[in-house]
Amino acid sequence: MAHKSQPDYSSHALDGLKQALRERLKTNQLAHRELLWESTHGREAPVENERDVEAWFLGPRAENADVFEQLVLEALRDHAFWRRNFHPMDPPAITQSIKRDPGYLRALDTLHTEFDNLLAELKKSAPFFSMRYQGHMTWEQTLPGMAGYFAAMLYNQNNVALEASPLTTLLEVRAGEDLCRMVGYTQQNGIRPWSHLTSGGTTANIEAMWAARNLKFYPLSLSAALQRESTLAAAKALKVTLPSRTQARLVDLDVWQALNLDVDEVLGLPTRIHEEFKIPPETLTANVSNYMLQDLGLVEFTRRYLGDLPAPVFMVPGSKHYSLPKAAAILGIGADHMFSIPLDEEGRMDVSALEARLDQCVKDKQPVIAVTAVMGTTEEGLVDPLASVLALRRQKYHPQGMSFCVHADAAWGGYFASLLRAPPSSNKRLAGPPAPVLPLSRYVTEQFEALPEADTITVDPHKTGYLPYPAGALCYRNQSMRSLVAFEAPYINTAGSQEDLTVGKYGIEGSKPGAAAAGVYLSHAVVPPDQRGYGKILGRALYNCKLFHARLLTMNTVASDFIVVPGPRFKLSDSLKRKYGGEKQALEVLRQQIQGMRQEQLLSASGEEELELLRETGADLNILTYAFNFKNEQGLNTSLEEANTFNRMIYDRLGVKADGRDIYGYRLLVSTTDFIEEDYGKKFFDDYKTRLLGSGAASGRGGEGRITVLRSVIMDPWITEDLQGRPFLDTIIEELRAAVTDALNEMRGTSSKRSR
């Protein structure tokens with residue numbers, strides 16, 4: 001009997017698979033869309049590409065349920081066909097007579113009963129799909145993401161090893177290539193980028209810190225091995241280039257110099273040893289391992305090599321994700337050696353404070369392992385000044401002989417880079433009705449354009465990639481850096497080698513679901529991570545968040561007994577100040593024009609100036625924090641403690657509770673967080689406190705050094721669209737106002753009882 005040929009896993013074959021999947025889904029989506037449009041409008045459907053976003057989601061009312069059902073059923077039937085045709089002459093294990101057995105039937109009864117119970121319980125879940133949901137960093141999943149995950153889940157591939165995942169490992173590699181292109185990583189000067197999937201941003205951030213720590217100490221290990229191992233003696237002549245651009249032999253460097261080599265200089269050493277001194281990589285790996293931190297452990301490594309130098313540190317913004325201090329603790333550096341940089345008035349990492357810290361480290365000769373900039377903070381959706389961090393490293397500290405890794409935590413904001421990525425065949429930005437695809441602000445654009453210079457970038461497909469959990473990712477600018485967390489020498493592999501298909505040995509995790517890789521891959525195939533796909537979704541979400549910010553500001557013009565203060569300051573660039581004459585005049589534009597302007601007006605030339613104003617004000621991305629304060633007989637409340645209580649009362653009406661409350665009773669869902677003075681720093685904390693309570697704010701700390709705020713995460717592309725004659729954003733504002741009014745009445749009632 002002739003054997004079937006092995007599947008073709010070449011790049012050409014996968015490209016063909018991608019195109020076939022895209023065409024099949026497009027055909028189904030277009031047919032459904034045309035039927036739906038004709039049935040409701042009685043006329044010809046709109047031209048292709050105007051409504052492609054609507055074909056990418058199940059929909060808040062499960063409008064595309066028939067499409068998803070077809071995809072799931074096709075996946076299940078195709079999987080069953082595959083099983084039946086793998087050695088079809090093998091006997092069945094579950095025969096028809098067994099299916100009539102009482103035990104079998106009882107087991108099926110139990111299965112159906114428990115499954116029905118589970119379905120009932122699942123309806124207590126948070127309604128992520130709803131246009132009323134603005135709670136956390138999750139929302140709808142893309143149709144191709146869910147379909148790909150479901151289809152691959154049936155095969156249960158484990159991406160820990162190629163033998164356990166002969167297809168989904170390849171899909172993970174392709175997804176990683178997509179992510180690298182999206183963030184701007186390209187092959188340059190022989191340095192190839194690389195990315196792999198993780199369970200989430202926490203794991204990716206820990207891995208990035210792990211790789212940065214190991215890279216920092218690798219030159220010390222290599223120097224010791226060159227001096228002591230006879231098989232490596234020839235490489236004692238190896239010269240390195242210091243960040244100051246001077247050269248010296250590696251074995252002649254002092255500890256401080258060895259700890260401050262540039263990232264690419266360190267990663268290129270094994271390849272140079274092989275090329276210049278003909279020492280095989282395997283020989284180098286075997287002889288250096290006994291000197292590596294990975295083998296010796298931090299205590300013994302420090303005792304042997306660090307001498308009297310102060311303990312090395314990480315630097316992170318005060319708005320850091322909890323995974324970063326967790327990384328410091330896990331890696332043995334200690335959370336006390338993760339220096340938290342305070343924020344500026346805008347809520348971003350204060351560059352002047354970072355510079356002062358780095359200056360002190362140069363003076364004390366305290367090694368800096370890495371500086372992290374957050375591209376979309378989890379609480380505020382703000383973007384740190386990455387471009388300035390990179391410029392400091394390049395222009396100030398390299399000439400002084402100090403270097404460190406720069407990590408971009410873009411777990412939330414990573415997919416916004418798609419707004420900057422033109423399609424391969426066009427340099428033209430695409431924007432489709434009904435909501436404008438708003439560009440990133442000029443400041444945010446500058447930071448995202450600096451991403452390719454960062455050494456590592458965390459991106460979470462299961463956040464702004466709208467994909468099922470678990471799906472995080474870590475991107476390396478230089479793929480050799482991955483070897484530092486794989487117990488091997490960091491040498492550059494050739495393109496197309498088997499090593500390129502080995503992802504399981506890198507990073508923290510072992511087993512991980514191939515289904516996640518399939519979901520990411522298929523979603524990227526249908527919704528490209530550039531301006532055609534994710535850029536369109538996130539551009540609309542960004543516009544909706546900016547308009548929500550504007551509507552919050554307008555609440556202050558009609559509310560007499562409370563105010564609302566968004567986290568972002570209403571601050572204009574010099575050009576916008578000149579255009580509008582000042583911030584008051586610009587705010588008046590938002591109040592009078594944008595609030596009543598229809599989408600088609602904003603998209604027209606007459607709305608161009610208003611879109612520019614929206615672009616440059618409000619949140620950096622699509623998360624907005626805001627707090628309410630109430631007025632009493634004396635005027636605006638000046639007690640931070642009472643303002644915090646007021647906002648907690650509002651949240652009690654708008655936050656999902658695990659108390660058995662009927663989920664259908666929630667009319668609007670948001671989340672809450674606290675601005676903590678100790679973490680954020682006085683500059684940001686005092687500025688926001690003054691904006692919230694007024695210049696006459698009560699003296700003293702009050703509120704235990706924290707300000708309670710509400711948070712809206714706006715991933716929905718439809719809330720500003722005219723639905724049933726008006727935008728759904730009107731409903732959201734009404735529900736928010738009702739919750740505030742209800743909390744205010746309760747507070748006044750409580751206060752009245754106290755006075756009696």
Side-chain angles (χ1 to χ4, degrees), residues 172 175-188 191-218 261-268 312-317 320-321 323-328 330-331 333 338 349 368-376 383-384 386-387 389-390 392-394 403-415 417 447-461 463 472-486 490 492 503 506-509:
E172 180 173 346
E177 291 170 350
D178 287 343
L179 293 172
C180 285
R181 280 191 295 270
M182 182 181 73
V183 300
Y185 279 169
T186 58
Q187 182 170 340
Q188 294 183 348
I191 294 174
R192 298 175 59 218
W194 185 79
S195 176
H196 73 124
L197 299 183
T198 66
S199 62
T202 293
T203 305
N205 278 342
I206 294 173
E207 181 183 332
M209 296 300 101
W210 183 18
R213 184 203 67 176
N214 289 358
L215 181 139
K216 193 73 172 176
F217 297 134
Y218 181 73
L261 295 179
D262 182 61
V263 172
D264 290 337
E265 185 71 19
V266 175
L267 295 174
V313 297
F314 295 107
M315 293 194 185
V316 297
K320 61 190 175 294
H321 188 258
S323 59
L324 292 167
K326 183 183 288 188
I330 291 173
L331 297 174
I333 302 299
M338 177 161 276
M349 182 165 61
V368 178
I369 296 173
V371 175
T372 295
V374 183
M375 310 297 283
V383 174
D384 284 333
L386 174 65
V389 174
L390 291 163
L392 278 176
R393 179 176 70 167
R394 181 177 60 253
S403 188
F404 45 82
C405 286
V406 173
H407 173 60
D409 179 5
W412 177 252
Y415 271 80
Q447 311 319 312
F448 273 81
E449 287 177 340
L451 275 175
E453 197 178 338
D455 299 301
T456 49
I457 303 172
T458 290
V459 182
D460 269 6
K463 289 189 174 73
L474 181 63
C475 301
Y476 290 96
R477 180 182 56 79
N478 187 331
Q479 76 161 12
S480 297
M481 196 170 177
R482 66 183 182 175
S483 301
L484 291 162
V485 292
I492 296 176
V503 299
Y506 300 112
I508 296 170
E509 294 154 305

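The salt bridge (charged side-chain N to carboxylate O under 4.0 Å, His left out) test applied to R213 returns no partner, not counting sequence neighbours. The salt bridge (charged side-chain N to carboxylate O under 4.0 Å, His left out) test applied to E449 returns no partner, not counting sequence neighbours. A411 meets the side chain to side chain contact (heavy atoms under 4.5 Å, CB included) test with D409, T458, D460, K463; sequence neighbours excluded. Residues satisfying the side chain to side chain contact (heavy atoms under 4.5 Å, CB included) test with P312, not counting sequence neighbours, are F217, L306, I333, P367, I369. Applying the salt bridge (charged side-chain N to carboxylate O under 4.0 Å, His left out) criterion to E207, with sequence neighbours excluded, gives no partner residue. Q188 meets the side chain to side chain contact (heavy atoms under 4.5 Å, CB included) test with T186; sequence neighbours excluded. Under the side chain to side chain donor-acceptor pair (under 3.5 Å) criterion, D384 pairs with no residue, sequence neighbours left out. Scored by the side chain to side chain donor-acceptor pair (under 3.5 Å) test, Q447 finds no partners at all (sequence neighbours excluded). Contacts of S199 classified as side chain to side chain contact (heavy atoms under 4.5 Å, CB included), with partners at least two apart in sequence or in another chain: T203, P470, E509. Evaluation of the side chain to side chain donor-acceptor pair (under 3.5 Å) rule for T456 yields H407 as partners, not counting sequence neighbours. Partners of S195 by side chain to side chain donor-acceptor pair (under 3.5 Å), not counting sequence neighbours: none found. F448 is linked by a ring-ring contact (aromatic ring centres under 6.0 Å, His included) to nothing, counting only residues two or more places apart in sequence or in another chain.
Here the closest non-hydrogen pair linking K216 and V368 is NZ-O, 2.9 Å. In this structure, C475 and V459 approach most closely via the heavy-atom pair SG-CG2, 4.4 Å. Taking every heavy atom of both residues into account, C405 and D455 meet most closely at CA-OD2, 3.4 Å. For the residue pair V485 and G507, the shortest heavy atom distance occurs at CG2-N, 3.8 Å. When every heavy atom of Y185 is checked against every heavy atom of P452, the shortest pair comes out as CE2-O, 3.5 Å. Nearest approach of M338 to A328, heavy atoms of both residues: CE-CB, 4.0 Å.
S483 OG to Y506 OH: the interatomic distance, rounded to the nearest 0.5 Å, is 4.5 Å.
Distance alone, capped at 3.5 Å, places no donor-acceptor pair between the Y415 side chain and the M182 backbone. A donor-acceptor contact shorter than 3.5 Å links the side chain of N214 to the backbone of L484.
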